[in-house]
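Take a look at the structure set out below.
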There are 2 protein chains.
Amino acid sequence: MGRRSDHTREQLREMIIAAGHREMAEAGYARFSARQVAKTIGYAIGTIYNVLGSYDQLVLAINGRTLDLWCDYLGSRLAGVNDDRLRAAIDAYFEFAILNRNAWGALYDFRLPPDEALPEYYAAKVTAITDLVVQEVASALPPAHIGEAPALARSLLASVHGHCVFTLNGTFQLLGEGDPLGAALARVRDAMARFG
Amino acid sequence: MGRRSDHTREQLREMIIAAGHREMAEAGYARFSARQVAKTIGYAIGTIYNVLGSYDQLVLAINGRTLDLWCDYLGSRLAGVNDDRLRAAIDAYFEFAILNRNAWGALYDFRLPPDEALPEYYAAKVTAITDLVVQEVASALPPAHIGEAPALARSLLASVHGHCVFTLNGTFQLLGEGDPLGAALARVRDAMARFG
DNA sequence: TTAAAATATTAGACAGTGTTCAGTTAACCG
DNA sequence: CGGTTAACTGAACACTGTCTAATATTTTAA
């Protein structure tokens, strides 16, 4: 029916993303369905496509929400920490991933078709998280080597990410690794040891 | 119809996995379809379910094939290498992933439902690859620390894996990382530097 | 030789999915 | 009042994985 008790496109977009994020968190990427999102907010599927444009854009918007939450989580987890902030950052990385398995996993389960580029708004959110890490690495680096912070941060991010993936997908359990977080921290320490 | 020019279950299983692996390599996990596999080998879908049991078992079998190929690739790439075998191993890890983007990606895109355990045959294949790496790490370690090889190998595997993931999913490109392989190697060197 | 059992294979129904779009409803504006 | 515009629907389409009753052939046993 027309617009008896309608929302504006902006409000509806927000409702869809919020409900979508909830469903992604509960069902996980493999069982996520746009139709189910429509059902839970009481709209027809067509509406979701009118507002978001496509399934891929919907998932991207939901993942964008997850990135926002992740960035906030890292920020709040680091606020007020004075010593060993690098360790706190790694802890927070793992914590968020474990606390939000499904939503976090969707960040990597979903990929745009190879010919399509990430929307700028999404790239900015990824960069925001990265910049946070770059800053922490820079603070932990001797002043003479601060210029290497961005490259080192990217690499450490990848290392920690790998440990996080192997933790959540069961690889570490299969291999008998009992302390994934400790291992990740050890690798970061090894890398920092290169600089005094 | 019946079994006029039929194959034995064993032969058919092999045909399905081979064709499935081919389709996975071409289409990727997101676009992979059991029905398409059936079509390319000229059988009905039902047959695939009779032979493999379920979609998940089919993908697992295909991924198992990929693990076999991966293990062989690592082995042959290391054969005859005398110095810096660790570097050769990392190179081979990246090479295989890049040369087999889709099949390699499916290894991690697919996950069994959380309540189901990996079949033993599959776990064995994962362990086979890991053992290869453990051996290389052990060789590169001072004799006094050989006992730490398994744990270190798992951790280095995770680190390299993280770099590999960020390379293939575009994260490194987004962040301006131009030498992912070099970064991965640097992290491994840092870790080995801990031991003399 | 013949009947029974085992095997290989199919067809088709079922309940889902993403996607599209012509059409409907209701509010707003001149 | 009539026209424009924005919000929204729902049916149709072409797929998907899953299951099962039925069928065709071969093997085995009596």
Side-chain angles (χ1 to χ4, degrees), chain A residues 1-21 23-24 26-63 102 106 109-113 115-116, chain B residues 1-21 23-24 26-63 102 106 109-113 115-116:
Chain A
M1 348 132 191
R3 42 187 316 200
R4 209 169 29 251
S5 65
D6 304 7
H7 303 82
T8 186
R9 230 60 180 177
E10 208 55 39
Q11 297 173 312
L12 191 44
R13 195 188 147 89
E14 172 56 31
M15 283 180 59
I16 293 171
I17 296 175
H21 191 270
E23 212 221 315
M24 188 67 86
E26 283 163 20
Y29 179 70
R31 290 179 184 169
F32 176 84
S33 128
R35 277 186 139 97
Q36 180 58 42
V37 173
K39 197 170 292 180
T40 67
I41 62 172
Y43 277 78
I45 333 106
T47 301
I48 286 191
Y49 278 79
N50 287 341
V51 176
L52 269 301
S54 72
Y55 181 81
D56 287 7
Q57 295 304 314
L58 169 61
V59 175
L60 227 36
I62 291 171
N63 282 352
N102 287 337
D109 288 338
F110 172 74
R111 254 158 283 145
L112 241 25
D115 52 333
E116 279 177 55
Chain B
M1 346 115 193
R3 48 186 313 199
R4 207 170 32 251
S5 64
D6 305 7
H7 303 81
T8 181
R9 230 59 180 179
E10 209 56 37
Q11 296 173 311
L12 191 46
R13 195 188 146 90
E14 172 57 30
M15 283 180 58
I16 293 171
I17 295 175
H21 190 271
E23 213 222 315
M24 187 67 87
E26 282 162 21
Y29 179 69
R31 289 180 182 167
F32 175 84
S33 127
R35 278 184 138 100
Q36 180 57 41
V37 174
K39 197 170 291 179
T40 67
I41 62 172
Y43 277 78
I45 332 107
T47 301
I48 286 191
Y49 277 80
N50 288 339
V51 175
L52 268 300
S54 74
Y55 181 81
D56 287 7
Q57 295 303 313
L58 168 61
V59 176
L60 227 35
I62 292 171
N63 282 352
N102 287 336
D109 288 338
F110 172 75
R111 255 157 282 146
L112 241 25
D115 51 332
E116 279 177 54

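In this text, all values refer to a predicted model and were calculated from it rather than measured experimentally. The sequence lines fix the lettering, A, B, ..., with proteins before strands; numbering per chain opens at 1.
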With a 4.5 Å limit on heavy-atom distance, are the side chains of N102(A) and E26(A) in contact? no
Testing dT10(C), dT16(D), dC8(D) for proximity to the side chain of L12(A), the answer is dC8(D)
What is the distance, to the nearest angstrom, from the CD1 atom on I45(B) to the P atom on dC14(C)? 15 Å
Can you measure F32(B) atom CZ to dT17(C) atom P for me and round it to whole angstrom units? 21 Å
Interatomic distance, I48(B) CD1 vs dA8(C) P [rounded to whole Å]: 16 Å
Taking all heavy atoms of A61(A) and all of R13(A), pick out the closest pair and write down the distance. CB-NH2, 4.3 Å
Could you tell me the separation between the CZ atom of R13(A) and the C1' atom of dA6(D), rounded to a whole number of Å? 17 Å
Starting the side chain at C-beta, find the nucleotide from dA8(C), dG17(D), dG18(C) nearest to S33(B). dG17(D)
For G46(A) and R31(A), take the nucleotide of DNA chain C holding the closest heavy atom to each; which residue's nucleotide lies nearer the 5' end? R31(A)
Nearest-Å distance for atom pair OH/C1', residues Y43(B) and dA24(D): 14 Å
Could you state the NE2-C1' distance from H7(A) to dC8(D), rounded to the nearest angstrom? 13 Å
Could you state the CD-P distance from Q57(B) to dT18(D), rounded to the nearest angstrom? 10 Å
Of all the choices, dG17(D), dT10(C), dC8(D), which nucleotide is nearest to the side chain of N50(B) once you look at every atom? dT10(C)
Does a side-chain heavy-atom distance below 4.5 Å link I62(B) with F32(B)? yes
For E10(B), does the CD atom have more than 12 heavy-atom neighbours from other residues, nucleotides or ligands under 6.0 Å away? no
What contact category does T47(A) fall into here, base, sugar-phosphate, or nothing, at under 4.0 angstrom with non-hydrogen atoms? base
Looking across every strand, which nucleic acid part, if any, lies under 4.0 Å from Y55(A) by heavy atom: base, sugar-phosphate, or nothing? sugar-phosphate
Here the distance between atom C1' of dC8(D) and atom CG of L52(A), to the nearest Å, is 15 Å
Check whether any side-chain heavy atom of F110(A) lies under 4.5 Å from a side-chain heavy atom of M24(A), and answer yes or no. no
So, under a plain 3.5 Å distance rule, would you say the side chain of R35(B) forms a donor-acceptor pair with the base of dG17(D)? yes
Which nucleotide sits closest to the side chain of Y49(B): dT18(D), dT10(C), dC8(D)? dT18(D)
